[in-house]
Amino acid sequence: MTGACRRRSALHGAGWRWKSHRRVINGILLRQRTGIPWRDLPTRFGKWKAVYDRHRRWSADGTGERSLRAVQARADAEGRIGWSMVSVDSTSCRARQHAAGAHTRAPRIPGRRGRPGQHRSDEAPGRSRGGLTCKIHLASEGGRRPLAFVITPGQWDGAPQLIPVLDRIRVPGLGGGHPRTRPDHLGGDKAYSSRRNRRYLRRRQIKHTIPERRDQRADRQRRGSAGGRSTAFDRAMYKRRNEAERTANAPKGFRDVATRFDKRAHVFHGTVAVAAVRLRLRPRPLVGPAAYGLPHQGPWPPSSE
C-alpha cells in the first residue's frame, strides 16, 4: 500500500479509497425518488451496500443538514428566501414494517466515536389506527421551500413541536457572521395555538398570525380581565397558509419520504434532508407570460380595467 493510500485509509477507515461520490449520490437520489430496496439498485451505481453505507454515514454525521444550510445560504444571498412569511405545519408518513424493530441502544457513526446527532431513543415510529406512522414537522418560507424540520412519532401533536422547529432555523451568511434564525412573520393553524407558543414568539419578538381555538377563547372570556386581551389576527397574512400546506406535501413527492422504509430515525432524517436540498435546488415554475416565453411589462396578473 502506497503512502497516499495509507493516508486515505486513515482518513476514511479501513480499506482502499472511496468510490466516486457522484455515482454514489446518483444511486442515493434514485432510491429516494423511487423507494426501491437498496439491494435492487442498478449495477451502474456500484455495489448497493457501498451506496447504503455512504448514505447511512452521511446521515449520522450531519452531512445532509450541512448541505441544506449551504444551499440556503446561497439562496438567501441571492434574495430567494421569503422571510416575510414563514409557516409551520406537519405531515404524516406511513412507516412500513421494515422501519420497526430497531435496537434500543444508540448506534455509532462508522469510523468515529460519537453518536448520530439526530438519534432518537424511540426511533420515531408511532402507533395509530392505520398502523405505524411517522410525522414531519417543518417550517417553510414564502418561496415554498423547507427551512427546518423535526421527525417525531406519528401520534405526537404539532403544538409542542413549534419551538423545536423554529430553533432549528439557522441560515448562515456567505460572508460569515451570525446565521439568521428569526423570520419577520410566522403563520400557523389552530393546532399551534397555545400560551407557551405565544409567550415564546413574543419573547423572540416574532410577529405571528395563529387563530385562537374556540375553547381557549371561551376560557379567556370566562376569566374576564384575568384572561388577558384577545390575540391579534391578520386575515390577509393568514391567506398565505396555503404555502405551508403545499410545502408540507412537496417532500412526499419522493417515495422514500412518503413511505418510511428506514429503520433508524437519524437515517430517515438524512433522507428528508436530501429531499429538502433537492427542493431548494429545484427551480420554481414560471407563471404568467414568462411561462410562454412572452414579454410582459407591469404586475401580473394584469388588472381588469
Side-chain angles (χ1 to χ4, degrees), residues 81-94 120 122 124-171 179-252 272 276:
I81 294 183
W83 293 102
S84 61
M85 180 63 170
V86 171
S87 302
V88 289
D89 204 352
S90 62
T91 181
S92 297
C93 304
R94 178 68 184 271
R120 294 182 59 95
D122 55 7
R127 288 286 181 179
S128 65
R129 292 184 178 181
L132 291 176
T133 55
C134 183
K135 187 171 287 187
I136 304 175
H137 308 264
L138 55 85
S140 60
E141 45 97 1
R144 299 189 298 278
R145 299 292 186 269
L147 281 176
F149 61 92
V150 172
I151 307 295
T152 66
Q155 75 274 14
W156 284 30
D157 192 14
Q161 306 306 318
L162 182 141
I163 297 177
V165 169
L166 293 184
D167 288 342
R168 288 181 179 269
I169 298 179
R170 300 182 63 85
V171 179
R180 177 159 185 175
T181 60
R182 188 177 62 179
D184 296 336
H185 202 100
L186 181 76
D189 55 18
K190 294 181 180 180
Y192 298 94
S193 176
S194 67
R195 295 182 180 178
R196 178 171 176 262
N197 290 340
R198 296 185 189 275
R199 285 196 301 266
Y200 170 82
L201 295 173
R202 285 194 296 265
R203 185 173 66 252
R204 294 193 60 187
Q205 299 181 359
I206 300 177
K207 298 179 181 179
H208 55 278
T209 300
I210 301 177
E212 191 178 19
R213 294 202 330 240
R214 183 178 301 176
D215 58 338
Q216 295 177 349
R217 182 169 61 252
D219 180 68
R220 176 178 52 80
Q221 294 175 353
R222 179 181 56 82
R223 297 173 61 186
S225 59
R229 295 178 298 179
S230 60
T231 59
F233 183 75
D234 191 344
R235 293 184 178 272
M237 294 295 292
Y238 193 71
K239 289 181 179 180
R240 299 182 57 181
R241 275 285 304 156
N242 66 89
E243 299 172 358
E245 303 289 344
R246 294 152 67 186
T247 307
N249 289 327
K252 298 176 70 173
V272 179

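Sequence positions, counted from 1, serve as the residue numbers for this chain. What's counted below: heavy atoms across the whole structure, side chains too, no hydrogens, waters or symmetry copies. Here the structure is a predicted model, which is why all the values come from computation and not from measurement.
- Summarising the geometry of Gly126 relative to Gln155, their closest heavy-atom pair is CA-OE1, 3.1 Å, with the distance given to 0.1 Å.
- At least one side-chain heavy atom of Thr247 sits less than 4.5 Å from a side-chain heavy atom of Pro146.
- Counting only heavy atoms from C-beta outward, the side chains of Arg168 and Leu147 never approach each other to under 4.5 Å.
- When the shell of 6.0 Å around CD of Gln221 is examined, it contains more than 12 heavy atoms from other residues, nucleotides or ligands.
- Residues Thr152 and His137 are in side-chain contact: their nearest non-hydrogen atoms beyond the backbone lie under 4.5 Å apart.
- Counting only distance, with no hydrogens or angles, the side chain of Asn197 and the backbone of Ala159 share a donor-acceptor pair below 3.5 Å.
- Electrostatic pairing of Lys190 and Glu212 does not count as a salt bridge here, judged by no charged N lying under 4.0 Å from a carboxylate O.
- Checked against Arg202 for a side-chain contact (heavy atoms from CB on, under 4.5 Å), the options Arg199, Arg204, Gln205 give a single hit: Arg199.
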Side chain to side chain donor-acceptor pair (under 3.5 Å) for Lys135 and Thr91? Distances and angles first, verdict last.
CA-CA 6 Å; Lys135 187 171 287 187; Thr91 181; over 6 Å; no
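- With Trp156 as the aromatic partner, Arg127 does not meet the cation-pi criteria of under 6.0 angstrom to the ring centre and within 45 degrees of the ring axis.
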Assess the residue pair Ile210 and Arg198 against the criterion (side chain to side chain contact (heavy atoms under 4.5 Å, CB included)); give the C-alpha distance rounded to whole Å, side-chain angles, the decisive distance to 0.1 Å, and a yes or no.
CA-CA 9 Å; Ile210 301 177; Arg198 296 185 189 275; 3.9 Å; yes
Which is it for Ser193 and Gln216 under the side chain to side chain donor-acceptor pair (under 3.5 Å) test, yes or no, and what are the steps along the way?
CA-CA 9 Å; Ser193 176; Gln216 295 177 349; 2.6 Å; yes
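- The two atoms that bring Ala248 and Leu138 nearest to each other are CA-CD2, 4.0 Å, heavy atoms only.
- Residues Pro153 and Asp122 are in side-chain contact: their nearest non-hydrogen atoms beyond the backbone lie under 4.5 Å apart.
- Taking both residues in full, the closest heavy atoms of Arg241 and Gly188 are given as NH1-CA, 3.8 Å, listed atom of the first, atom of the second, then distance.
- Of all non-hydrogen atoms in Pro211 and Phe233, the two that sit nearest each other are CB-CE1, 3.8 Å.
- Defined by atom type and a distance below 3.5 Å, a donor-acceptor pair is missing between the side-chain atoms of Asp157 and Tyr192.
- No side-chain heavy atom of Asp89 sits under 4.5 Å from any side-chain heavy atom of Ser140.
- A distance of 11.5 Å separates CZ of Arg182 from CG of Leu201, quoted to the nearest 0.5 Å.
- The pair Asp184-Lys207 fails the salt-bridge criterion, with no side-chain N (NZ, NE, NH1 or NH2) lying under 4.0 Å from an Asp/Glu carboxylate O.
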Could you walk me through whether Ile136 and Val272 satisfy the side chain to side chain contact (heavy atoms under 4.5 Å, CB included) test, starting with their C-alpha distance in whole Å, then the side-chain angles of each, then the deciding distance to 0.1 Å, before giving a yes or no?
CA-CA 9 Å; Ile136 304 175; Val272 179; 4.0 Å; yes
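- The line from CH2 of Trp83 to CD1 of Ile169 is 6.0 Å long, rounded to the nearest 0.5 Å.
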Residue pair Ser84, Arg240: steps toward the side chain to side chain contact (heavy atoms under 4.5 Å, CB included) verdict:
CA-CA 11 Å; Ser84 61; Arg240 299 182 57 181; 3.4 Å; yes
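- No donor-acceptor pair under 3.5 Å is formed between the side chain of Glu141 and the backbone N or O of Ile81.
- Summarising the geometry of Ile151 relative to Ala124, their closest heavy-atom pair is CG2-CB, 3.9 Å, with the distance given to 0.1 Å.
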Please assess Ser90 against Gln161 for the test side chain to side chain contact (heavy atoms under 4.5 Å, CB included), listing each intermediate value before the final yes or no.
CA-CA 9 Å; Ser90 62; Gln161 306 306 318; over 6 Å; no
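- Looking at every heavy atom in both residues, Asp234 comes nearest to Thr209 through O-CG2, 3.4 Å.
- From Met237, atom CE reaches atom OG of Ser87 across 8.0 Å, with rounding to the nearest 0.5 Å.
- Between the Arg222 side chain and the Gly224 main chain, no donor and acceptor come within less than 3.5 Å of each other.
- Looking at heavy atoms from C-beta onward, Tyr200 lies in side-chain contact with Leu166 at the 4.5 angstrom threshold.
- Proximity of a side-chain donor or acceptor of His185 to a complementary backbone N or O of Pro183 within less than 3.5 Å is not detected.
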Arg195/Asp219 under salt bridge (Lys or Arg N to Asp or Glu O under 4.0 Å): CA gap, chis, key distance, verdict
CA-CA 12 Å; Arg195 295 182 180 178; Asp219 180 68; 3.5 Å; yes
